[in-house]
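To start, the structure itself, in structure tokens.
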Protein chains: 2
Amino acid sequence: MYYGWRGMTLEADEYLAKQGLSRSHHRILYVVARQPDIAIGSLIEILGISKQALNRPLNLLLGRKLLTSQRSPEQHRSKLLRLTEAGKRIEQRASDQERKVMREAFDRVGARGAAAWMAVMETIADNN
Amino acid sequence: MYYGWRGMTLEADEYLAKQGLSRSHHRILYVVARQPDIAIGSLIEILGISKQALNRPLNLLLGRKLLTSQRSPEQHRSKLLRLTEAGKRIEQRASDQERKVMREAFDRVGARGAAAWMAVMETIADNN
DNA sequence: CCCTCAAGTCAATATAGTTGACATGAGGCG
DNA sequence: CGCCTCATGTCAACTATATTGACTTGAGGG
């Protein structure tokens, strides 16, 4: 399973490295892509890291204008994160490298096999 | 997939932490369990880390007498590693925690589903 | 005696996280 | 207005796990 994880992320990591980013940046982009306007606090909870650990990669992404942050309009005190067009592009390309690997593997086992794979992963991921 | 990996290793990691060990120690024990009398150089290659990185956890395991090392008898200049009884016990208990999680997940999808899961993992692990 | 190979060790550095303490900016409220 | 709280931001010290480079040790071989 360890090697499976490595095999899936290998090409995406190479792509990210060329952009001067790493896995932690991708995790942030990935979460924000799937939950636009997420607050920083929620992001911290989802990623399961401290705000200090989030700070550096997040600022880098903001500085590169891959993400924007703005106070919630007329509402809360939290800042909402959103991908810029450039951010979307990078997130997609990195995730696509991973999806490509998965798609090829799923093609070999068919739809039922793919569904079984998902079911197994969900079951063990629940094991918290 | 990340959460799947975490779910699988979570309980094993808790057990290992109680023994004052970590994932890296388990990796060493795991490899030696499956390849008794392995040389240190081969272990380094399999784990894919530098000898300096291996040094610390390996010495800890030797110091705790979970592993033994001895010069190859009348043969080479390499040292061969082997688990002690205590080492086997710890390795088994840690691996059993992981296998338990997998077995439960496999039970839900049946033999064909389990085979499909394995096939997918092997395909993506090959992606080097 | 010298060379080589496998292993062991020392030091400096990188990466990715941690905890603790404190600062800032906005809203709610008496 | 002044004070409290919440969400965020930042500084510093520390830990764990890895890296590369340089050097040592111990066992054979020619």
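Lettering of chains follows the sequences in order, A, B, ..., and the numbering in each one begins at 1.
- Seen from the ring of A:Tyr30, A:Arg34 counts as a face-on cation partner, given the 6.0 Å and 45° thresholds.
- B:Leu54 has its CG atom 15 Å from the P atom of C:dA6, to the nearest Å.
- Here the P atom of nucleotide D:dA13 and the CZ atom of A:Arg56 are 14 Å apart, to the nearest Å.
- Between B:Pro57 and B:Ile28, the closest side-chain pair of non-hydrogen atoms falls below 4.5 Å.
- Using a 4.0 Å cut-off between a side-chain N of Lys or Arg and a carboxylate O of Asp or Glu, B:Glu98 and B:Arg23 qualify as a salt bridge.
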### Task
Could you please spell out the steps behind the side chain to side chain contact (heavy atoms under 4.5 Å, CB included) verdict for B:Leu21 and B:Leu60?
CA-CA 9 Å; B:Leu21 304 174; B:Leu60 192 145; 3.6 Å; yes
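- B:Ser50 has no side-chain polar atom (N or O) that falls below the 4.0 Å cut-off from OP1 or OP2 of D:dA18.
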### Message
Checking A:Glu91 against A:Lys88 for the salt bridge (Lys or Arg N to Asp or Glu O under 4.0 Å) test, could you report, in this order, the C-alpha distance in whole Å, the side-chain angles of both residues, the deciding distance, and whether it holds?
### Response
CA-CA 5 Å; A:Glu91 195 283 322; A:Lys88 282 182 195 165; over 6 Å; no
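- Within 4.0 Å of A:Arg27, counting heavy atoms only, lie sugar-phosphate atoms of the nucleic acid but no base atom.
- Between B:Arg99 and B:Asp96 there is a salt bridge, since at least one side-chain N of the basic residue sits less than 4.0 Å from a carboxylate O of the acidic one.
- Between the CG atom of B:Leu60 and the C1' atom of C:dT9 there is a distance of 17 Å, rounded to whole Å.
- If you take CD1 of A:Ile49 and C1' of C:dT18, they are 11 Å apart, rounded to a whole angstrom.
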#### Entry: Base versus backbone protein contacts along nucleotides 4-11 of chain D [heavy-atom cut-off under 4.0 Å; B, S, -]
-BBSBBBB
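- Here B:Ser22 reaches the OP1 or OP2 of D:dT17: one of its side-chain N or O atoms lies under 4.0 Å away.
- When side chains are defined from C-beta on, A:Leu81 does not count as touching A:Asp37, because their heavy atoms never get closer than 4.5 Å.
- Counting to the nearest Å, the C1' atom of D:dT17 and the NE2 atom of B:His25 are 11 Å from each other.
- Computed from coordinates, the B:Arg6 CZ to C:dG17 P distance equals 12 Å when rounded to whole Å.
- In this structure, the CG atom of B:Leu67 is 14 Å from the P atom of C:dA7, given to the nearest Å.
- Here the P atom of nucleotide C:dA16 and the CG atom of A:Asp13 are 10 Å apart, to the nearest Å.
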